[in-house]
Amino acid sequence: QVRLVESGGGSVQAGGSLSLSCAAFGYDYLTYCMGWFRQAPGKEREGVATITSPHETTYADAVKGRFTISRDNAKHSLYLHMNSLKPEDTAMYYCAADPGVCNADMRYWGQGTQVTVSS
């Protein structure tokens, strides 16, 4: 059974940094596209970044130059390094994975980890 477990969320002041991790279990990790998505209260879920295998990346315009997505295939893990955080980055962040789709229609999702940025 596919399982994704996020960690690393928390509270930080604007301008600070946080790193998120996602541990993947139960599937052929190496062939999957993986991504980070976020949802703020009262807003729709939006894509943050995706990474294929091999490591082709995409980023939302709102995070380009500030966030970096990466994966460690040996550790079956996905990461999101977030710098220069802004209050508008506050949201629940979700890890997702899919064998063929590399967008918000990914099949497998984690439970989410909260990121709160104060001004």
[Y] side chain reached by [X] side chain, heavy atoms, under 4.5 Å:
X: Thr113; Y: Ser7; result: no
X: Val48; Y: Phe67; result: yes
X: Thr68; Y: Leu80; result: no
X: Arg107; Y: Pro99; result: yes
X: Lys86; Y: Arg66; result: yes

Quick check against the 3.5 Å criterion: does [X] have a side-chain atom that pairs as donor or acceptor with the backbone of [Y]?
X: Arg71; Y: Thr52; value: yes
X: Glu6; Y: Cys95; value: yes
X: Trp36; Y: Tyr79; value: yes
X: Gln1; Y: Gly26; value: no
X: Thr90; Y: Val117; value: yes

> Is atom CD of Gln111 surrounded by more than 12 heavy atoms (other residues, nucleotides or ligands) closer than 6.0 Å?
Replying inline: no
> Using 4.0 Å as the upper bound for N to carboxylate O, is an ion pair formed by Lys64 and Asp61?
Replying inline: yes
> Considering the options Ser118, Ser119, Pro87, which one meets the side chain to side chain contact (heavy atoms under 4.5 Å, CB included) requirement together with Gln13?
Replying inline: Ser118
Can you tell me how far apart [atom1] ([X]) and [atom2] ([Y]) are? Round to the nearest 0.5 Å.
X: Met82; Y: Leu20; atom1: CE; atom2: CG; result: 4.0 Å
X: Met106; Y: Met34; atom1: CE; atom2: CE; result: 8.0 Å
X: Gln39; Y: Met92; atom1: CD; atom2: CE; result: 9.0 Å

> Which is it for Thr50 and Thr57 under the side chain to side chain contact (heavy atoms under 4.5 Å, CB included) test, yes or no, and what are the steps along the way?
Replying inline: CA-CA 6 Å; Thr50 62; Thr57 58; over 6 Å; no
>> Show the nearest heavy-atom pair for residues Leu4 and Cys22, with the distance to one decimal.
In response: CB-SG, 4.0 Å
> What heavy-atom pair brings Ala49 and Tyr59 nearest, and what distance separates the two atoms?
Replying inline: CB-CD2, 3.6 Å
> Please walk me through it: do Asn83 and Ser17 pass side-chain hydrogen bond (donor to acceptor under 3.5 Å, both in side chains)?
Replying inline: CA-CA 4 Å; Asn83 296 320; Ser17 300; 2.9 Å; yes
> Same cluster for Val115 and Phe37 if Ile/Leu/Val/Met/Phe/Trp/Tyr side chains link at under 4.5 Å?
Replying inline: no
>> Do Tyr108 and Ile69 sit in one hydrophobic cluster, given that two such residues count as connected whenever their side-chain heavy atoms are within less than 4.5 Å of each other, even indirectly?
In response: yes
>> Does anything in residues 91-106 form a side chain to side chain donor-acceptor pair (under 3.5 Å)? List the pairs, not counting sequence neighbours.
In response: Arg38-Tyr93
>> Using side chain to side chain contact (heavy atoms under 4.5 Å, CB included), reason through Val12 and Thr116 one step at a time and then give a plain yes or no.
In response: CA-CA 6 Å; Val12 65; Thr116 301; over 6 Å; no
